[in-house]
Asker: 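Handing you a structure now.
We name chains A, B, ... by the order of the sequence lines, and we start the count at 1 in each one.
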Amino acid sequence: MQSVLEIKGLTTHIKTKAGTIVPVNGVSLSVLKGEIVGIVGESGCGKSMMAMSVLQLLPAAGKIVDGQALFEGADLLGMNKRQMRSIRGDKISMVFQEPMSSLNPTMKVGKQVSESLILHTKASRAEAKERTVQIFQEVGIPDAQRRYNSYPHQLSGGLRQRVMIGLALALKPALMIADEPTTALDVTIEAQILKLMKGMQAASNTSIILITHNLGIIAELCSYVYVMYAGQIMEQAPVFELFAEPKHPYTQGLLKSLPMLGEHREKLHAIPGSVPNLASLPPGCSFCPRCDIATSACYTLKPGLEKISEARKARCLLYSKGVAL
Amino acid sequence: MLKYIVSRILVMVPILLGIVLAIFFLLNVLPGDPVSLMMKDKIKPDVIDNLRERMRLNDPWYVRFAVYVANALKGDLGYSYRYHREVKDLIMGAFPNTVKLAFAALAISWGIGIPTGIIAAVRKGKLSDSVLMTFSLAGVSMPIFWIGLLMQYIFAYKLGALPTSGFSTLKHLILPAFVLGWSSSGGIARMVRANMLEVMKHDYIRTARSKGLGETRVVFGHALRNSMLPVVTMMASQVSWLLSGAVVTESIFAIPGLGRISVDAITNRDMPLLQGTVIFTTVLIMLSNLIADIAYGFLDPRIRYQ
């Protein structure tokens, strides 16, 4: 099948006081038409920065230093500002984590959506408003006509995220990047929003990159998963294979730390240590200080991302010879 | 919104009464007798007594306070010892000059300050940012009397383009308004810049960009309004400060405004005039704060719908 987005060797640097860090380090991934792809990882592993790099919405200190992001065949990273603006919102849209802070507090929510319609479709104000109300109905906002004139603080978290999703899908983009879209929401609302996203995706055949730290959401929505750690892809696999048989020790740790119903455990498993500081990564495998099965070789050899079966890859010395430092 | 405005106005009444009382009390404990100030020597004691009686100086303070408030409500603020005119007339004579100067200065201050702040924020770290911020800093740092004298020297004395002082024509307005405007534009510019930079870090700016909006639309459509909220407070205090009379500027340029009569009232111990100007100023400050609150409500729906 044809891929919508093909990222190859994307590397992004960010200048900080502690020196240059590399939150996205040679990431390659591909998203097929109509597919939902998950990117999972702990906070600070670079998954958001990867999304921001694709849309070139990096903070001022950030810089893409290498790689390609082929969107429908054209490299996004080579586009000028104007070309990029015509892609954003229209062809590739984004949903952010915090719906409250992601909506302008002093602008009516309806206007925030119709603004995008006017920009990309040259619709008149009235047409855009009509279409926005229609979109609000589609994303399940009750009393859409009246809600058009609401301000973000007047809506609940769930409704706000519905507005964000309406905004993201308003122009039926080829790709939507959802960055932790339900993290700030209650569990019940989370289920509704996920259902909505899945429904909308099916209706418009939009591809989705779903960024989350929640493996449950991945299992529910995605067909293919990338596990990210310290700026790199550690493992990638079709979702069923990953859950059935995780290959990388990090993925295994993540899955073991999920509570399971009907299973008695004294203590939930936890991966020891914490997310590494990107400014001072260990030499060798970046996960080895936290890895249960690390050997002395893990500290001196950098594992490559090796193909281990038809649709799977993993970055671990179990499967790769590694490169000497 | 209407309820919000009405409640704001109602709160003003007790505050105003309290302030009148405080002023009344302060001026009463000051040493010095207005009658002896007014009278030359060798005046018959019964004339003095008569005058004290007429001015109600023999009554206890609370009676005088009540009479004062009652008269003030009718628009009678008393009689100036020094100018031998109604305080109300003196204030009303000076106020239009102050208003003209204040609004001209505000137009210059905001006209320079707001765009300067926006441009500096958008071009943060670039040369234009440094140049604009230095210009603002100069305005804030140089004392008004110094800028005033400098401007008089350059434009009036050297170039002969503008009059040094007085307040009869529009030309007279230019120098003092520019001096006041420039010196207060710096604060506005720095505040707009700081707020703008803060707002530009918010998530909704990223959302606006992710829609494909251009930088101009992001700045003017999304960032500006949110950046202006704290600036409005500063603008309101600027309005009340300028309306209560720019004492130094009015002195340098010999403008017969509120600042001048307040200073005159103090130096001459002209109690009714002083009381009158202070109360008048208080009302002005409260009104400009009210306008700021209303403006706040318009800018920020979170306040409007509380």
Asker: Is L299(B) close to chain A through its backbone or its side chain, or both, or neither, when contacts mean heavy atoms under 4.5 Å?
Answerer: backbone

Asker: Between E180(A) and K47(A), does any NZ, NE, NH1 or NH2 come within less than 4.0 Å of an OD or OE carboxylate oxygen?
Answerer: yes

Asker: Go through the atoms of M84(A) and report whether side chain, backbone, both or neither lie under 4.5 Å from a heavy atom of chain B.
Answerer: neither

Asker: Do K91(A) and E72(A) meet the salt-bridge criterion of a basic N to acidic O distance under 4.0 Å?
Answerer: no

Asker: Measure distances from Q112(A) to the heavy atoms of chain B and classify the residue's part below 4.5 Å as side chain, backbone, both or neither.
Answerer: both

Asker: I need the residue from R217(B), K201(B), R225(B) with the largest number of non-hydrogen atom pairs under 4.5 Å to chain A.
Answerer: R225(B)

Asker: Strictly below 4.0 Å, N to O, side chains only: are E138(A) and R162(A) in salt-bridge contact?
Answerer: no

Asker: Report the option among M94(A), M100(A), R88(A) that has the most heavy-atom pairs separated by less than 4.5 Å from atoms of chain B.
Answerer: R88(A)

Asker: Quick check for you: among A170(A), S101(A), P152(A), P59(A), which has the greatest number of heavy-atom pairs under 4.5 Å with chain B?
Answerer: S101(A)

Asker: Considering only heavy atoms, which portion of S86(A) lies under 4.5 Å from any heavy atom of chain B: side chain, backbone, both, or neither?
Answerer: neither

Asker: Please step through side-chain contact (heavy atoms from CB on, under 4.5 Å) for the pair K63(A) and I14(A), ending with a clear verdict.
Answerer: CA-CA 6 Å; K63(A) 195 169 178 252; I14(A) 291 189; over 6 Å; no

Asker: By a 4.5 Å heavy-atom criterion (distance strictly below it), what part of L103(A) contacts chain B: side chain, backbone, both, or neither?
Answerer: backbone

Asker: Which bit of I87(A) is near chain B, if near means a heavy-atom gap under 4.5 Å: side chain, backbone, both or neither?
Answerer: neither

Asker: Please say which of Q161(A), E190(A), Q192(A) ends up in a side chain to side chain donor-acceptor pair (under 3.5 Å) with T182(A).
Answerer: E190(A)

Asker: Less than 4.5 Å to any heavy atom of chain B: does that hold for the side chain of M164(A), its backbone, both, or neither?
Answerer: side chain

Asker: Once you measure the plane-to-plane angle for Y148(A) and F136(A), does it fall in the parallel (<30°), tilted (30-60°) or perpendicular (>60°) bin?
Answerer: tilted

Asker: Any salt bridge linking D129(B) with K126(B)? Criterion: basic side-chain nitrogen under 4.0 Å from a carboxylate oxygen.
Answerer: no

